[in-house]
Amino acid sequence: QVQLVESGGGLVQAGGSLRLSCAASGRTFGINAMGWYRQAPGKQRELVATITRGGSTDYADSVKGRLTISRDNAKNTVYLQMNSLKPEDTAVYYCNADTLFGDYWGQGTQVTISS
């Protein structure tokens, strides 16, 4: 089992910044890629960014150049630095871990961007 706990969400004005964190615990030796997904009201959950254990990253086109994913393997923590935020970034952000034992999800953290 792997447990994921997100933090760092909140309410900011458009153009502002937030930094999300996701700390993993449990059988962390089995974690491969980690990532962030988001789900806005009335929409399906979508990929935001992923990062492999080796540090290779992938981003949704809508966030490239504004959001940056990073990872501290020693702390079993993944981060999402979000800059130049837009109202359309408003969503619940979920942390995901792709592990040897299956996929795990955090409980989600709300990010709200006011215009």
Side-chain angles (χ1 to χ4, degrees):
Q1 292 278 3
V2 174
Q3 294 79 41
L4 303 172
V5 178
E6 300 109 332
S7 61
L11 170 65
V12 296
Q13 290 187 331
S17 298
L18 280 174
R19 188 192 195 207
L20 305 184
S21 299
C22 172
S25 60
R27 304 177 78 179
T28 57
F29 63 88
I31 295 176
N32 298 314
M34 297 187 74
W36 290 95
Y37 291 71
R38 66 187 182 187
Q39 188 166 17
K43 294 187 177 181
Q44 291 189 335
R45 190 173 298 189
E46 64 176 2
L47 170 71
V48 175
T50 60
I51 185 167
T52 67
R53 178 170 284 275
S56 297
T57 59
D58 190 29
Y59 294 92
D61 287 342
S62 61
V63 307
K64 285 180 180 176
R66 300 187 299 117
L67 276 58
T68 303
I69 190 170
S70 61
R71 178 172 177 170
D72 186 333
N73 289 331
K75 295 182 178 180
N76 296 308
T77 300
V78 64
Y79 305 95
L80 186 67
Q81 178 65 43
M82 304 191 293
N83 299 327
S84 302
L85 285 163
K86 304 176 181 179
E88 50 263 44
D89 293 317
T90 295
V92 177
Y93 283 70
Y94 296 92
C95 178
N96 170 268
D98 170 32
T99 82
L100 298 175
F101 322 108
D103 256 4
Y104 290 87
W105 294 90
Q107 80 286 354
T109 185
Q110 178 69 47
V111 171
T112 303
I113 314 302
S114 63
S115 57

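Quick note: numbers below take in every heavy atom, side chains included, and nothing from hydrogens, waters or symmetry partners. Just so we're clear, the structure is a prediction, and the values are computed from it rather than from any experiment.
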Name all pairs fulfilling the ring-ring contact (aromatic ring centres under 6.0 Å, His included) condition that reach into residues 57-97, sequence neighbours left out, sorted by first residue then second. none
Closest non-hydrogen atom pair, S17 against Q81: CB-NE2, 4.1 Å
Taking V111 as the fixed residue, which of L20, T90, L11 is the one that meets the side-chain contact (heavy atoms from CB on, under 4.5 Å) rule? L20
Applying salt bridge (Lys or Arg N to Asp or Glu O under 4.0 Å) to D89 and K86, what does each step give before you reach the verdict? CA-CA 5 Å; D89 293 317; K86 304 176 181 179; over 6 Å; no
For side-chain contact (heavy atoms from CB on, under 4.5 Å), just list the numbers for N32 and T52, CA-CA rounded to whole Å, side-chain angles, deciding distance to a tenth of an Å, and then say yes or no. CA-CA 6 Å; N32 298 314; T52 67; over 6 Å; no
What residue pairs, at least two apart or across chains, pass side-chain hydrogen bond (donor to acceptor under 3.5 Å, both in side chains) with a residue in residues 97-112? E6-Q107, Q110-T112
Where is the tightest heavy-atom contact between L4 and A24, given as atom of each residue plus distance? CD2-CB, 3.6 Å
For residues 45-57, which residue pairs pass the salt bridge (charged side-chain N to carboxylate O under 4.0 Å, His left out) check, not counting sequence neighbours? R38-E46
Rounding to 0.5 Å, atoms CD (Q13) and CG (L85) come to a distance of 11.5 Å
Under a 4.5 Å side-chain heavy-atom rule over Ile, Leu, Val, Met, Phe, Trp and Tyr, are V12 and W36 clustered together? yes
Same cluster (ILVMFWY, side-chain, under 4.5 Å), Y37 and M34: no
Answer with yes or no whether the hydrophobic clustering places L47 together with V92; edges join I, L, V, M, F, W, Y residues whose side-chain heavy atoms lie under 4.5 Å apart. yes
Taking V48 as the starting point, is it possible to reach I31 by hopping between hydrophobic residues whose side chains are less than 4.5 Å apart? yes
Heavy-atom pair of closest approach, residues G8 and L18: O-CD2, 3.8 Å
Rounded to the nearest 0.5 Å, the CD atom of Q44 sits from the CD atom of Q39 at a distance of 8.0 Å
Find the distance between CG (N83) and CZ (R19) and round it off to the nearest 0.5 Å. 11.0 Å
Do R71 and I69 have side-chain heavy atoms sitting under 4.5 Å apart? no
Please report the closest heavy-atom contact between S115 and P87, naming both atoms and the distance. CB-CG, 3.8 Å
